[in-house]
Amino acid sequence: MSIALSEQELFRRKSLQELRALGINPYPAEAYDVNAWAQDINDKFEASPDKYKQVTVAGRIMTRRIMGSASFFELQDSTGRVQVYIKRDDICPGEDKTLYNTVFKKLLDIGDYVGVKGFVFITQTGEISVHTEELTILAKSLKPLPVVKREEDGTIHDGFTDPEMRYRQRYVDLTVNPDYRNIFINRSKVISTMRNYFNAQGWLEVETPILQAVHGGAAARPFNTHHNTLDMPLFLRIANELYLKRLIVAGFDGVYEFGKMFRNEGMDRTHNPEFTSMEIYVAYKDYIWMMAMVEECLETVAKAVHGNPVVQVGKHEINFAGPYEKLSMYDSILKYTDIDVSAMDEAALLKVCADLGIETNATMGKGKLVDEIFSEKVEAHLIQPTYITDYPIEMTPLAKKHRTKDGLVERFELFVNGKEIANAYSELNDPIDQRERLEEQLILAGRGDDEAMAMDDDFLRALEYGMPPTSGLGIGIDRLVMLMTNQSTIQEVLFFPQMRPEKKEQAKISTIEDFVAEGVPAPWVLVLKNMGINTVEQLKAQNPNKLFNDLGGMRKKMKLDIPMPTKEEVIAWCS
RNA sequence: GACUCGGUAGCUCAGCUGGUAGAGCAAAUGACUCUUAAUCAUUGGGUCGAGAGUUCGAAUCUCUCCCGGGUCACCA
């Protein structure tokens, strides 16, 4: 952050002081009772003009068109923009025209929050506008907003488009690019629709620990942290699965949680270190039941956002109405590569990978090799919602063994637009089987797989008390929102995507101590900084006579009750 | 992590094979009573991402670093 202020910022700070000098509080404390909004006025004024004879609107000034004693500006509120007409003699009926000539024309800027009381009318050129009868300053803006110009036909000039600045200063992005608000409004709609759907079935929304001593439930590298009082390492959760299953053990029929997960891995357009997942577990169900539930749920979500189940995503039209295509993992590989891997051992799979040009390494077990082939050759083809079912047991330590097929587990993943968005099992509830499967993970960890799952003895203890047959599901909410809002990067559906810290400009700013060492009393250092003198070098460059006079002026202006230095002292500072 | 493109005024961008840093919008001052990318006139505004090097001279060439975009790898 630069300490030095730009010319425009200095002008705005000056305007702020002048407002105060005129007895106007630029940041009033009182509530401002708004009773009308831009979109409502624009949509409904013509049908019922009588309702808009006395309106109060509030928002930011976004553009100004000033002509002598009358002006137009555009006010932006949470719903959009409405044009405001302001006429000097209307807001200044007497001799004193200060409010218009000085306050409105000179001291207000683009970005300031104001409130307008008045009546709605239509201008000669046909634009619905609010005729100002009373203007109130609600908050002064000290940094100039980027000015994005829009023509009638929607053409945008000087757009604020640099992704780095948009993500770092999302408040600016959403102010000057209000269309992006819709993504977040729809994000909220996706989540609330799912929540309502689950609640209607009688399932319970719960919260489980984010700080975990054992990071279980998924294969991923965690963030490490430390608790001081307990003096023990903790992990930010990579999954909440094992806690939710403990709650099924505890006797709830259905539990679900929307929450952040944290994975210490790479970042790109589909991965953010923290992301939102929804996990749900329902007792006495299996993964076949779960497929039908997901179809109904996602169709409901798509309808809530778009009014119908068909969603445009990139160049594809994706239909979320079920039932979805179902394909076993082995069949999907057979379908897209003509290779039957279902009966192969590790050596044969390694050869297939080599033939297909897929890189492998020594830590990969059979399950991982199959997954590699699938990711490389199948995933990208799965555009319409497709369930991939029945995974090799090696890659899925928490799912129940398949009821009829040896070596497989009852699991499905839902793929849409070539990406996985959901993962579900018939949950493993045989505690002895579960212990063996986690022990196999420890062997993988021993081979160097740093994502293999850890042993969780308390979870096993819970299973030993007995967990009913259960089906569980996880959905990546960010990726689902990407689909529902037709966005190709996860950063666009997160308000504040993870970024490297902004580089601090090496502020060559001298400290208060540096100035004190030159003989400047501490209270005066602040005055100097207020005058734009931020370094000792700048101080040395001053004309002592001028500085002495200016200090007197600042002392009066800032109403400072500190002793004035003598001229000789000021000369000493500068020498 | 690799490759690649980029970082110049508050914002969007130009700036050639090195020669005093430019435009539009925004800002300041003035004119203007229905404008709408308002208009007209005048003016100010830059450590050209940071540092080092080559050179009489670097926004421009070289190297290192920082930040971001894209592609790939890793990864759900």
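In what follows, chains are A, B, ... by sequence order, proteins preceding strands, each numbered from 1.
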Can a salt bridge be assigned to the pair A/E420 and A/R479 using a cut-off of 4.0 Å between side-chain N and carboxylate O? no
Categorize A/Q169 for me: base, sugar-phosphate, or nothing, with a 4.0 angstrom heavy-atom threshold over every strand shown.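 Nothing, no heavy atom under 4.0 Å.
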Taking any strand in view, what nucleotide pairs with [N] in a Watson-Crick or G-U wobble way, both distances under 3.5 Å?
N	answer
B/rC48	none
B/rC40	B/rG30
B/rG70	B/rC3
B/rC16	none

Taking only side-chain nitrogens and oxygens of [X], does any of them come within less than 4.0 Å of OP1 or OP2 of [N]?
X	N	answer
A/K106	B/rG30	yes
A/R500	B/rG68	yes
A/R65	B/rA38	yes

Nearest-Å distance, CZ (A/R88) to P (B/rC32)?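 It is 9 Å, rounded to the nearest whole Å.
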Taking the six-membered ring of A/F104 (Phe, Tyr or Trp), confirm whether the NZ or CZ of A/R88 is under 6.0 Å from its centre and within 45° of its axis. no
Does A/R237 qualify as a cation-pi partner of A/Y243, given the criterion of NZ or CZ under 6.0 Å from the six-membered ring centre and within 45 degrees of its axis? no
Should A/F320 and A/M484 count as side-chain neighbours, where that means a heavy-atom distance under 4.5 Å?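 Yes - at least one pair of side-chain heavy atoms lies under 4.5 Å apart.
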Closest to side chain of A/D158, choosing from B/rG10, B/rG24, B/rU36: B/rG24
In whole Å, measure the gap between the P atoms of B/rG30 and B/rU35 for me.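 Going atom to atom, P in each nucleotide, I get 24 Å.
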